[in-house]
Amino acid sequence: MRMELTAIGWIAAALVVALLISFIATPVVKSIAQMVGAIDVPKDNRRMHSHPIPRMGGLAIFLGFLLSTLIFVPMSPPFRGMLLGGVIIVILGIFDDIYALPALPKLLVQIVAALVAVLHGNVIQVLSNPNLLSEDPYWTLGALSIPLSVIWIVAITNAVNLIDGLDGLAVGVATISSLTMLVIAMLVSESVVALMMAALAGGCIGFMPYNMNPAKIFMGDTGSTFLGFVLATVSIQGLFKFYTIISFAVPFLMLGLPLFDTCFAILRRLSKGQSPMAPDRSHVHHRLIDMGFNQKQAVAILYVISAILGLSAVVLTTSGALKAMVLLCALGFAGLIAGKLFLVHNETQSETWNKRKEEEHGAESHDDLRDSSRGGENGTSGEGAGEPRGD
């Protein structure tokens with residue numbers, strides 16, 4: 001059953017309100033970040049910026065989301081639990097953006113925030129059985145529901161945080177994911193989920209002009225962990241409760257990019273004998289930069305990948321698994337070909353630019369040698385004829 005026009009109007013209003021609040025609040029948050037010392041200084045090769053930039057910009061996204069949802073979303077125990085957990089995550093993020101907290105204490109606080117949300121009713125109670133040949137269409141988790149729900153929330157919280165490595169990347173991917181869930185919620189008439197996702201998308205869009213390359217402010221852990229926490233919690237309310245195959249696949253498609261990057265990072269670090277929490281410079285966005293793409297190009301590629309996964313999730317919800325798989329394969333193949341062509345073009349441009357610079361350098365060296373042999377710009381020779389050019 002599709003939503004009525006009135007409900008769509010409320011959803012649009014929630015998005016616009018969050019957008020305006022986030023957009024207006026971001027310059028204020030930037031000033032606060034500078035006053036309290038929440039500044040990102042480029043001190044290693046993992047950072048892509050060359051000068052200090054304020055962080056903690058996620059506070060503006062949080063304010064937009066909070067005020068919009070308090071206006072438009074009816075209060076319920078799961079919604080209250082999500083807000084309480086979100087406040088814990090934001091406070092943790094603010095302290096981390098100022099003082100750079102160790103990984104283990106942050107993880108413990110994230111678990112506490114996830115427990116707050118889960119104990120208020122945000123629980124994965126069933127999972128669809130991925131074995132289509134089984135007689136049981138879904139699994140009832142029972143005692144495993146609480147720990148699995150906590151693991152899901154903490155995992156997505158950190159997954160979104162890990163992809164926050166380029167200007168506009170995390171906020172853009174979160175926007176695409178929230179809009180994907182918004183569309184799915186509208187298609188299945190989940191108005192509360194749609195309102196929350198509209199507020200989250202609006203908060204992200206309002207912040208985006210300040211965060212796109214070259215960024216004026218970063219969202220910091222305040223924003224990236226909050227976005228991951230809300231996406232994970234709302235996905236439990238809106239996606240995992242379906243007793244069909246989509247309850248297993250849709251969340252993983254919708255959040256496929258951050259989940260893939262996180263799993264790959266953990267396996268990579270474990271294979272090297274490192275801690276799974278150890279930072280490195282091998283995330284998917286770093287690899288795109290190392291391949292020769294600039295920040296804007298790398299972010300655009302990852303936006304396209306996230307959008308393909310989101311579109312596949314929507315098709316899976318509305319048209320079934322077969323059509324979604326065909327769409328995913330077709331779009332993935334097209335994206336692979338386009339990326340290959342784009343990379344070749346990018347390398348050709350780089351080679352042309354390097355060759356031109358070498359030619360210009362050679363011409364300048366030849367001019368310097370010729371001027372030195374002439375003894376001056378007027379072409380005369382002998383004493384007093386003029387000084388050769390210096391650097």
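For the single chain, residues carry numbers from 1 onward in sequence order.
Annotation: side chain of L200 is in contact with side chain of L227 (closest heavy-atom distance under 4.5 Å). In this structure, the side chains of I205 and V171 stay at 4.5 Å or more apart for every pair of heavy atoms. Inter-residue side-chain proximity for V160 and F229 is flagged as unmet; no heavy-atom pair is nearer than 4.5 Å.
Cluster annotation: L63 and V28 are assigned to the same hydrophobic cluster (Ile/Leu/Val/Met/Phe/Trp/Tyr, side-chain heavy-atom contacts under 4.5 Å, transitive). L70 and F72 end up in the same hydrophobic cluster when Ile, Leu, Val, Met, Phe, Trp and Tyr side chains are linked at under 4.5 Å. Two different hydrophobic clusters hold L107 and L162 under the rule that ILVMFWY side chains link at heavy-atom gaps under 4.5 Å. Residues F65 and I71 are members of one and the same hydrophobic cluster, defined by side-chain heavy-atom contacts under 4.5 angstrom among Ile, Leu, Val, Met, Phe, Trp and Tyr. Using a 4.5 Å cut-off between side-chain heavy atoms of Ile, Leu, Val, Met, Phe, Trp and Tyr, with links allowed through other members, I91 and V36 fall into the same hydrophobic cluster.
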* Start with the C-alpha distance between T69 and M82, add both sets of side-chain angles, then the distance that settles side-chain contact (heavy atoms from CB on, under 4.5 Å), and finish with yes or no. => CA-CA 11 Å; T69 51; M82 185 197 67; 5.7 Å; no
Audit row: I88, V109, side-chain contact (heavy atoms from CB on, under 4.5 Å) steps and yes/no: CA-CA 8 Å; I88 295 173; V109 176; 3.7 Å; yes
- Show the numbers, then the answer: is there a side-chain contact (heavy atoms from CB on, under 4.5 Å) between M197 and L231? CA-CA 8 Å; M197 286 296 93; L231 286 170; 4.1 Å; yes
Using the side-chain contact (heavy atoms from CB on, under 4.5 Å) rule, take I124 and L144 through it: C-alpha gap first, then chi angles, then the decisive distance, then the call. CA-CA 9 Å; I124 305 172; L144 293 176; over 6 Å; no
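In this structure, F23 and Y210 have tilted ring planes: the angle between them lies in the 30° to 60° band.
Atom OG1 of residue T26 and atom CE of residue M56 lie 11.5 Å apart, to the nearest 0.5 angstrom. Annotation: the span from M196 atom CE to F79 atom CZ amounts to 7.0 Å, rounded to 0.5 Å. In this structure, the separation between CD1 on I94 and CG on L101 is 11.5 Å, given to the nearest 0.5 Å. Remark: L148 CG to Q125 CD distance equals 12.5 Å, nearest 0.5 Å. To the nearest 0.5 Å, atoms CD1 (I217) and CG (D40) are separated by 11.0 Å. Atom CG of N122 is separated from atom CG of L115 by 12.0 Å, given to the nearest 0.5 angstrom.
Counting all heavy atoms, side chain and backbone alike, L92 lies closest to K106 at CD2-O, 3.7 Å. The shortest heavy-atom contact between L59 and V90 is CD1-CG1, 4.1 Å. What you find for V314 and I184 is that their closest heavy atoms are CG2-CG1, 4.0 Å. Taking both residues in full, the closest heavy atoms of G81 and V116 are given as O-CG1, 3.9 Å, listed atom of the first, atom of the second, then distance. The minimum heavy-atom distance between P54 and K216, with the atom names listed, is CD-O, 3.7 Å. Among all heavy-atom pairs drawn from A232 and S235, the shortest one is O-OG, 2.6 Å.
A side chain to side chain donor-acceptor pair (under 3.5 Å) with Q110 is found for one member of T157, N161, N158, T225 and no other, namely N158. Tested against V234 for a side chain to side chain contact (heavy atoms under 4.5 Å, CB included), the candidates L182, V192, V193 yield a single pass: V193.
W10 and S191 are not linked by any side-chain donor-acceptor pair at a separation below 3.5 angstrom, with hydrogens and angles left out of the test.
Checked by atom type and distance alone, the side chain of D167 pairs as donor or acceptor with a backbone atom of A215 at under 3.5 Å. For the pair D221 (side chain) and D97 (backbone), a donor-acceptor distance under 3.5 Å is absent. Of the possible donor and acceptor atoms, one in the side chain of T180 sits under 3.5 Å from a partner among the backbone N and O of I176. Judged by distance alone, with hydrogens and angles left aside, the side-chain atoms of T222 form no donor-acceptor pair with the main-chain N or O of G58 at under 3.5 Å.
Atom CZ of F95 has 12 or fewer neighbouring heavy atoms from other residues, nucleotides or ligands inside a 6.0 Å radius.
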